[in-house]
> 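Structure incoming, see below.
Note that the structure is predicted; figures quoted are calculated from it, not measured. Atoms within each ligand, like the ligands themselves, are counted from 1 in listed order.
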Amino acid sequence: MKFFIDTANLSEIKEAQDLGILDGVTTNPSLMAKEGIKGKDNVYRHYKAICDLVTGDVSAEVIATDYKGIIEEGEELVTIDSKIVVKVPMIKDGVKAIRYFTDRGIKTNCTLVFSAGQALLAAKAGATYVSPFIGRLDDIGSDGLELIAQIKNIYDNYGYTTEILAASVRHTMHLIECAEIGADVATCPLSVITSLLKHPLTASGLETFLADHKKVNG
Ligand code: E4P
């Protein structure tokens with residue numbers, strides 16, 4: 001399973017990269033705004049800074065919502081760095097744009113996916129990644145993980161190569177259950193990844209080992 005970090009914060013991205021487990025980065029306009037990045041030039045510079053930190057794919061989301069605008073923006077975004085994946089919303093013009101990008105070898109991430117039907121369309125259009133939002137579905141009383149399982153089943157039935165990128169992952173159980181279902185990728189905040197490290201028996205076991213070592217070795 002690939003781990004992507006869902007942030008535009010450079011120090012968190014560096015920390016995840018330094019951990020040696022990072023496969024890529026996802027961003028969105030809200031995450032960019034959270035870092036106070038504004039103005040096209042600054043936004044593009046920030047994407048470049050992210051790309052320089054990591055070895056994997058970096059999703060950069062288009063702001064345009066019309067076909068022509070999405071194409072223009074996407075074609076500009078991919079000039080920033082070869083790691084850029086054009087993140088396109090699941091709307092009619094977005095699906096058309098994904099087909100356009102796919103036919104030209106440009107990687108895409110179809111975002112804001114909340115149903116199996118939307119995921120099927122994204123795969124038909126040839127998206128590189130499809131991003132179903134687990135946490136946001138849970139927030140409205142739906143079962144986000146059930147959607148991941150449904151998409152996995154549909155993609156397996158037809159051998160679609162679109163990778164399932166579980167998004168809006170809020171806690172470690174989301175991540176672990178996504179791995180059990182067989183999602184290709186999970187994107188989440190750094191805190192979710194580092195929480196995987198924690199187990200009380202690891203902490204107490206290590207404390208005992210070190211204390212016993214000290215008793216003998218001083
Ligand atoms: C994914 O690409 C999205 O940016 C992200 O996972 C959304 O997560 P949120 O629902 O926690 O904002």
> Enumerate the atoms of ligand 1 whose separation from the nearest heavy atom of Asn28 is less than 4.0 angstrom.
3 (C), 4 (O)
> May I have the step-by-step check of side-chain hydrogen bond (donor to acceptor under 3.5 Å, both in side chains) for Asn9 and Ser11, ending in yes or no?
CA-CA 6 Å; Asn9 183 283; Ser11 60; 2.8 Å; yes
> Under a 4.0 angstrom heavy-atom cut-off, which atoms of ligand 1 come close to Lys87?
1 (C), 2 (O), 3 (C), 4 (O)
> Number the atoms of ligand 1 from 1 as they appear, then name those within less than 4.0 Å of a heavy atom of Asp6, with their elements.
1 (C), 2 (O), 3 (C), 4 (O), 5 (C), 6 (O), 7 (C), 8 (O)
> Does Arg104 qualify as a cation-pi partner of Tyr100, given the criterion of NZ or CZ under 6.0 Å from the six-membered ring centre and within 45 degrees of its axis?
yes
> Considering only non-hydrogen protein atoms, determine which one is nearest to atom 8 (O) of ligand 1 and report residue, atom name and distance to 0.1 Å.
Ser168 CA, 3.4 Å
> Starting from atom 3 (C) of ligand 1, find the nearest protein heavy-atom neighbour and note its residue, name and distance.
Phe133 CZ, 3.5 Å
> Take atom CD of Glu15 as the centre, draw a 6.0 Å sphere, and report whether it contains more than 12 heavy atoms from other residues, nucleotides or ligands.
no
> Could you walk me through whether Ser59 and Thr26 pass the side-chain hydrogen bond (donor to acceptor under 3.5 Å, both in side chains) test, one step at a time?
CA-CA 5 Å; Ser59 288; Thr26 52; over 6 Å; no
> Look at atom 11 (O) of ligand 1 and say which protein heavy atom is nearest, naming residue and atom and giving the distance to 0.1 Å.
Arg170 NE, 3.3 Å
> Do the numbers put Lys48 on top of the ring of Tyr44, so that NZ or CZ is under 6.0 Å from the six-membered ring centre and no more than 45° off the axis?
no
> Please report the interatomic distance CZ(Phe4) to CG(Asp57), rounded to the nearest 0.5 Å.
5.0 Å
> To the nearest 0.5 Å, tell me how far Gln150 CD sits from Glu146 CD.
5.5 Å
> Return a yes/no value for Thr27: is any of its N or O atoms, backbone included, closer than 3.5 angstrom to an N or O of ligand 1?
no
> With a cut-off of 4.0 Å, which atoms of ligand 1 are near a heavy atom of Ala167?
1 (C), 6 (O)
> Show me which atoms of ligand 1 lie under 4.0 Å from any heavy atom of Arg136.
7 (C), 9 (P), 10 (O), 12 (O)
